[in-house]
Amino acid sequence: MKELVAQLLDHAIRTLIEEGVLDRGIKNTIQVERTKDKTHGDFASNLALVLAKQARSNPRELAQKIVAALPASSSVKRTEIAGPGFINFFLNESSIHQVVSDILSLGNDFGKSRQGAGQKIQLEFVSANPTGPLHVGHGRGAAYGATYANLLEAIGYCVDREYYVNDAGRQMDILATSVWLRYLELCGETLAFPSNGYKGDYIVDYAKTLFAASGSQFRHDTQAVFAHIAADEPEGGDKEQHIDALIQRCKTLLGEHNYELVFQTGLKGILNDIKEDLAEFGVSYQHWFSERSLTTPENLVNRAVKKLEDAGYIEERDGALWFLSTRFGDDKDRVVIRENGQATYFASDIAYHLNKFERGYDQIINIWGADHHGYIARVKAALTAMGLDAEKLTIRLVQFVSLYRGNEQVQMSTRSGSFITLRELRNEVGDDAARFFYITRRCEQPMDFDLELATSQSKDNPVYYIQYAHARICSVARKAAEQNTPWNREQGLAAMSTLKEESEIRLMSLLASYPEVLLNAGLQGEPHLLTNYLRDLASEFHTWYNAHKTLVEDADLRNARLSLSIAVKQVLYNALHLLGVSAPESM
RNA sequence: GCGCCCGUAGCUCAACUGGAUAGAGCAACGGCCUUCUAAGCCGUAGGUUACAGGUUCGAGUCCUGUCGGGCGUGCCA
């Protein structure tokens, strides 16, 4: 309908150009908006305001000329010029009613579009290091990313969801060593656990798994493990040096094969936990991409560095290899290969993005925690340096979640093990409320999550309000069947003109705007537009429900109202489904 | 210091990316169940959009500066 109005305006402009009223070279980007205020009609355009300057005319006069040149349409009842020169369009009733019939025939597909035309988008999100369970910050990225992907699919894009598994690097060695030390404790050794190790209880669980599978075959006595190891922080030493020395000792005592076995016990344990957690949260992926796979069998990291080198953007300084990212606007140059010959995390990232680009996506979207924003400039610099189009890559930052219990902020740190996990949050507030709550705010807005408030069950969770509207409609439909006057769709659609109440017209108009809201939310990657819409729709429905009885004597009116109700139910369902929230039939 | 994200009602947030009188939900107050689910509805109250300039028909939105908050600024991941 919005397109129709735009077409009418476009036609009018062309007529005016032919008549010589407007210059041939005039730039006309036609904007049509749904009005906030129904006294302004159903749609409004600012076209005359935008063109007034180019046409050297005052906006209201120009608006009059445009209106005069508008072709007749069976959908438009009348037009009006208002305010500084807005053109308001009032639709006639039959075109307002039409949406109910459209929704009923399209069903689950109502609202979807082909805007994306099958373009391939890769969406990478969460990608938390597999060194511990997901916490509430990851939960926000998960809810946001999963919903964003759903929205893109709904508007015609082909989406690959991917999780980048950081299964290489020092943090993983710390994890493996932590598991081994806990395992030694289970074997009966007494030791001082390193202050920089992973202290969470889950580490002990994986140590138990290892002990159950392998007995004490990896046991070494404490003296041998800690002999000549640099002192830990509490003893006045450096905790980093202490843990690095322990890692080396662990590798030496276990040997390559056994070390890998301990390493895999920890990695698989955590990864399975993460996968299960996300699956239960309704978050699924097409690919789990291993960082280790970048180096074996083919070393893509070396190839990426070579590409940069061939392009002339690598320089050796102090024994390390530097990527000259300042040539592309970065603040400083960055090391890719360290003095000790090891690739940096950044080098892996370059290789990973090279790989993404080689897979032939039309667009690549990364959802990162806000703490990674310093990486945007350097990653884009690397892509440009390799001759790739960095514009294809969009990085969306998700700001942190601060947890509160009442007025007290909950401190979180992965290393110390004192954090709230996503699983704990899900168990406390439920998956529906968690999914919904996470995306009600723009992702670049920091979020305060008050557990006491969210766990207070009923009122404060907006999701119930919307689900309740859905359940109410189901209840009415059940009631209609019980009293032997089940919904008659044909009769209802034929009698739409009996729906004359103001709230009924508003409701239909709101239903008609759903495809536009979905399109906007998807293109802009802002799911909160959809949660706002759902609240509005539920509110408009509840208002109508309270004011006007659906199951009335008059069969025409009853079926028309039932048809409208079922259409509302369908749209509630469609939107909730995209958000990963259930639509209960009764509550 | 520099870079990024922000600053809107007492609180938590919107505002269709520059449109008409800045809107919701909590919290407060007053009404509505013999009636299809009261997890609901109706009404009242709440604002110099941090501040100062600028751009134009028109600014919460864009540009500059100031103030305030969060995050980042490793040969860590």
Side-chain angles (χ1 to χ4, degrees), chain A residues 31 33-37 39-40 44 46 48-50 52-53 58-60 82-86 88 129 131 166 168-172 174 240 291 317-322 331-332 334-340 342-346 348-349 369-377 397 399-400 402 440-448 450 453 457-465 467-469 471-480 482-483 513 516-517 519-521 524 526 528-529 531-533 535-536 538-539 541-552 558 561-562 565 586-587:
Chain A
Q31 292 177 47
E33 292 189 331
R34 264 176 203 281
T35 54
K36 289 179 205 162
D37 183 345
T39 63
H40 296 146
N46 59 358
L49 293 162
V50 176
K53 198 168 196 179
N58 103 34
R60 286 195 69 107
F86 289 101
N88 295 335
N129 288 349
T131 52
N166 290 112
R170 179 166 170 266
Q171 294 303 322
M172 293 306 297
I174 296 178
E240 304 290 349
E291 182 183 356
R317 279 181 226 157
D318 309 323
L321 294 184
W322 296 69
D331 295 337
K332 50 189 284 194
R334 310 287 174 179
V335 172
V336 284
I337 305 292
R338 282 176 242 170
E339 200 178 353
N340 65 12
Q342 286 211 313
T344 59
Y345 171 83
F346 176 47
S348 292
D349 239 12
D371 55 334
H372 282 66
H373 75 248
Y375 279 78
I376 298 175
L397 297 176
Q399 294 289 327
F400 283 147
S402 305
T440 50
R441 281 145 186 75
R442 292 205 338 267
C443 66
E444 49 276 287
Q445 191 80 242
M447 187 163 108
D448 289 337
D450 186 336
L453 208 72
Q457 275 289 323
S458 56
K459 282 182 287 204
D460 302 318
N461 284 320
V463 66
Y464 290 126
Y465 181 78
Q467 290 179 320
Y468 184 55
R472 252 185 167 177
I473 297 170
C474 293
S475 171
V476 173
R478 277 195 301 271
K479 193 84 177 181
E482 275 168 26
Q483 62 184 36
S513 71
E516 294 152 27
V517 174
L519 185 63
N520 266 331
Q524 293 165 35
E526 296 190 339
H528 74 278
L529 295 175
T531 61
N532 289 346
Y533 173 82
R535 200 201 297 261
D536 287 347
S539 167
F541 170 75
H542 286 310
T543 297
W544 176 57
Y545 177 92
N546 272 279
H548 306 288
K549 193 167 172 164
T550 305
L551 302 180
V552 292
R558 182 180 65 243
R561 285 187 172 160
L562 274 170
S565 298
S586 65
M587 288 173 76

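Letters go in sequence order (proteins before strands), and every chain restarts at 1. All values derive from a computational prediction rather than experimental measurement.
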Subject >> A/V50, nearest nucleotide to its side chain (from B/G25, B/G19, B/G40) >> reply: B/G19
Original post:
For atom C1', what is the distance between B/A50 and B/G69, given to the nearest Å?
Top reply: 11 Å
**OP:** Could you check whether A/A52 gets within reach of a base, just the sugar-phosphate, or nothing at all, counting any heavy atom under 4.0 Å?
**Re:** nothing
Subject >> Base of B/G3 paired with side chain of A/H373 (donor-acceptor, under 3.5 Å) >> reply: yes
Original post:
Under 4.0 angstrom, heavy atoms only, what part of the nucleic acid is A/E339 near: base, sugar-phosphate, or nothing?
Top reply: base
Subject >> Atom C1', compared across B/U66 and B/G25: separation rounded to whole Å >> reply: 34 Å
Subject >> Nucleotide nearest A/S475 when distance is taken to its side chain, options B/C4, B/U37, B/G19 >> reply: B/U37
Original post:
Would you say the side-chain atoms of A/N166 and A/E291 include a donor-acceptor pair closer than 3.5 Å?
Top reply: yes
Subject >> Euclidean distance for P, B/C71 against B/A9 (whole angstrom) >> reply: 22 Å
Original post:
Does OP1 or OP2 of B/A39 have a side-chain N or O of A/Y464 closer than 4.0 Å?
Top reply: no
Original post:
Base, sugar-phosphate alone, or nothing: which one does A/R442 contact when heavy atoms must sit under 4.0 Å apart?
Top reply: sugar-phosphate
**OP:** Give a yes or no on whether a donor-acceptor pair under 3.5 Å exists between the nucleobase atoms of B/G3, that is its base, and the side chain of A/D331.
**Re:** no
Original post:
Rounding to the closest angstrom, what is the interatomic distance between B/A38 and B/C62 at atom P?
Top reply: 44 Å
Strictly under 3.5 Å: I want the nitrogen or oxygen pairs between protein and nucleotides 29-35 of chain B, one per line.
from, atom 1, to, atom 2, distance (Å)
B/U35, O2', A/K549, NZ, 3.2

Original post:
Counting side-chain heavy atoms from CB outward, which of B/C76, B/A14, B/U37 is closest to A/N532?
Top reply: B/A14
Original post:
Between A/R34 (side chain) and A/E516 (backbone), is there a donor-acceptor pair under 3.5 Å?
Top reply: no
Original post:
Base, sugar-phosphate, or nothing for A/K36, non-hydrogen atoms under 4.0 angstrom?
Top reply: base
Subject >> Nucleotide nearest A/T543 when distance is taken to its side chain, options B/C41, B/U37, B/C5 >> reply: B/C41
Subject >> Distance between P atoms of B/U55 and B/G60 (Å, rounded) >> reply: 16 Å
**OP:** Grab the stems for RNA chain B, please: at least three consecutive Watson-Crick or wobble pairs, both distances below 3.5 Å, written as range with range.
**Re:** B:1-7 with B:67-73, B:10-13 with B:23-26, B:28-32 with B:40-44, B:50-54 with B:62-66
Subject >> Atom C1', compared across B/U8 and B/U48: separation rounded to whole Å >> reply: 12 Å
Original post:
Can you name the residues that form a side-chain hydrogen bond (donor to acceptor under 3.5 Å, both in side chains) with A/R441, not counting sequence neighbours?
Top reply: none
Original post:
Within the modelled atom types, does a donor on one side and an acceptor on the other bring the side chain of A/N88 and the base of B/A20 under 3.5 Å apart?
Top reply: yes
Original post:
With sugar-phosphate meaning primed atoms plus P, OP1 and OP2, does A/T550 contact a base, only sugar-phosphate, or nothing at under 4.0 Å between heavy atoms?
Top reply: base
